[in-house]
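Data first, discussion second: the structure below is written as structure tokens.
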2 protein chains.
Amino acid sequence: MSSEPIDTPTKILQATLKLLEAPDAKLPTMSDIARATGISRQAVYLHFPSRTDLLVAATRYQDRLNDIDTGLAPSRGARSGAERLDAFVTAWGNYIPKIYGVARAIMAVTDTDAEAAAAWNTRMQDMREGCSAAISALAEDGTLPPGTDIEQATDLLWTILSVRNWENLTQTCGWSQDCYIATIRGMAMATLARDLGALTDVLACTDPPA
Amino acid sequence: MSSEPIDTPTKILQATLKLLEAPDAKLPTMSDIARATGISRQAVYLHFPSRTDLLVAATRYQDRLNDIDTGLAPSRGARSGAERLDAFVTAWGNYIPKIYGVARAIMAVTDTDAEAAAAWNTRMQDMREGCSAAISALAEDGTLPPGTDIEQATDLLWTILSVRNWENLTQTCGWSQDCYIATIRGMAMATLARDLGALTDVLACTDPPA
DNA sequence: ATGTCAATTTACACAGTGTCAAGCAAACGA
DNA sequence: TCGTTTGCTTGACACTGTGTAAATTGACAT
């Protein structure tokens, strides 16, 4: 813990993340955030013009903290396309739990707030880059199923790796993180890579849901 | 169009569906619904105690209108497990567009309202029955990948067929309904059935996104 | 006519977001 | 030392949306 003073915007962001990442996870109001920060509700508005802006800023702050790119390094270093796909799926799949609290809040306001939807879309677009790169690598290897459209394969991988799917499997169905990773890796390989060996034990996790 | 008088609750439900299924699809407020019905906002509360209750009732009313079970009949008549999986995926995939408007509204309140979440979960649980039946049929044929856990395979199919995935591919990515069906069928077969022939042209729709 | 009962309307309470104005206190520069 | 600026507080208010309560209408039976 550093002893240097922290500026108020950062304190607000920290408090927001803490609330969003709490296990019981109600969606916090501006009052909640202000109280958690130890300042007045109106003071929050001095630094963030709206609730949506604050949530978006919180995602960016969190990305900085988690340093997403380091996790993706093995993916870029992969030799074959299949290897790259595999590494990317694993890296992203393990990143999701770190952002889930914030993602949940953003996705919740997305239905009513166009600006939030745009922000979330932008964020997911970054992830789509990784999908696109993995698919392209497969295409160069010729391991993509014949006649496959690159854009379309990217869309599909992007959808498979959505936070909603992670949420469904781990939160609703109760899968362990390891089980999720193993299964999604298997499904991505089975669907997108001609690597038929990977088809074996796609769905044979040793760790069944609760 | 029948000429017999329609009772107020039904009129409200019809107006609600109309609003939810409108192409531009903002999430309607109680005032919107009342206006569309031609009654006062408070009169709506006379028949439905809360917004959530109204939305839930609207889903049930819609299910009655659409008669979901008839579409699923071919699935139950299928001979092989793979055939059954295929028929189920197609039937459900074609049902989603009919319920999407309402589903969207329910999913939106799900994040904040536990009662709505429960209602939506129940509804999705019905669909899960179909997933479970298809997976069991595969298991009996021995076409499920070796070592696969039945529960887990059901979870996975259920997730693949989620409304969110349909939304992502057709609404966000702009896929046509036909393209969605073809791709999801291919993915389900590739991941869950040992029918390797189905792997061919999983991602070769003639109908690319806009 | 009158009582009754359901449907409806007017009015109100409450939570949450966002805005505005006035004041306060510590830091900073002349 | 005296202004000035900066960041925060307090308090009030407008607006939207949900949900509740009380008063009103209107049809229908007695």
Side-chain angles (χ1 to χ4, degrees), chain A residues 4-16 19-20 22 24-59 102 104-120, chain B residues 4-16 19-20 22 24-59 102 104-120:
Chain A
E4 73 186 44
I6 306 167
D7 64 347
T8 307
T10 305
K11 274 196 278 189
I12 295 171
L13 290 172
Q14 286 173 348
T16 305
L19 287 176
L20 288 171
D24 45 1
K26 306 268 165 283
L27 296 179
T29 66
M30 292 298 257
S31 301
D32 293 332
I33 292 167
R35 200 177 316 117
T37 311
I39 62 177
S40 71
R41 185 175 70 91
Q42 282 63 18
V44 179
Y45 283 99
L46 291 182
H47 304 283
F48 302 97
S50 76
R51 194 180 127 88
T52 299
D53 287 84
L54 173 53
L55 289 177
V56 170
T59 72
V102 183
R104 216 177 125 266
I106 291 264
M107 292 189 299
V109 297
T110 276
D111 297 294
T112 53
D113 184 337
E115 189 194 340
W120 178 245
Chain B
E4 72 187 45
I6 306 167
D7 64 349
T8 307
T10 305
K11 274 196 278 188
I12 294 171
L13 290 172
Q14 287 173 347
T16 304
L19 287 176
L20 288 172
D24 45 1
K26 305 267 163 285
L27 296 180
T29 67
M30 292 298 256
S31 302
D32 294 332
I33 292 166
R35 200 176 315 119
T37 311
I39 61 176
S40 73
R41 185 176 68 91
Q42 280 63 18
V44 179
Y45 282 100
L46 230 7
H47 306 283
F48 302 96
S50 76
R51 193 181 128 87
T52 298
D53 287 84
L54 172 52
L55 290 177
V56 170
T59 70
V102 183
R104 214 177 127 265
I106 291 265
M107 291 189 299
V109 298
T110 275
D111 297 295
T112 53
D113 184 337
E115 189 196 339
W120 178 244

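Letters A, B, ... mirror the listed sequences (proteins, then strands); counts begin at 1. Since the model is a prediction, treat every value here as computed from it, not as a measurement.
In this entry the distance linking NZ of K11(A) with C1' of dG7(D) reads 11 Å, nearest Å. For I33(A) and dT17(C), the CD1 to P distance is 8 Å, given to the nearest whole Å. Atom pair D113(B):CG and dG16(C):P shows a separation of 14 Å (rounding to whole Å applied). Atom P of nucleotide dT10(C) and atom CD1 of I39(B) are separated by 13 Å, given to the nearest angstrom. Protein atom CG of L54(A) is 16 Å distant from nucleotide atom P of dG16(C), rounded to whole Å. Nucleotide dT9(C) holds its C1' atom 16 Å from the CZ atom of R35(B), rounded to whole Å.
By the side chain to side chain donor-acceptor pair (under 3.5 Å) test, T8(A) is found to be paired with no residue, residues two or more places apart in sequence or in another chain being considered. Residues passing the side-chain contact (heavy atoms from CB on, under 4.5 Å) test with R35(A), sequence neighbours excluded: S31(A), D32(A). When the side-chain contact (heavy atoms from CB on, under 4.5 Å) test is applied to A117(B), the partners found at least two apart in sequence or on another chain are T110(B). Every side-chain contact (heavy atoms from CB on, under 4.5 Å) that P49(A) has, sequence neighbours left out, goes to D53(A).
Taking only side-chain nitrogens and oxygens, H47(A) never comes nearer than 4.0 Å to OP1 or OP2 of dG7(D). In this model, the phosphate group of dT9(C) is approached by a side-chain N or O of S40(B) to a distance below 4.0 Å at OP1 or OP2.
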Contact string for nucleotides 12-24 of chain D, one letter per nucleotide 5' to 3', B = base within protein heavy-atom range under 4.0 Å, S = sugar-phosphate only, - = neither, reads B----SBBBB---
Please table the atom pairs, donor to acceptor, closer than 3.5 Å between any side-chain atom in residues 36-46 of chain A and protein atoms at least two apart or in another chain.
residue : atom : partner : partner atom : Å
T37(A)  : OG1  : I33(A)  : O            : 2.7
S40(A)  : OG   : A43(A)  : N            : 3.3

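In this structure, the side chains of L54(B) and L13(B) come closer than 4.5 Å at one or more pairs of heavy atoms.
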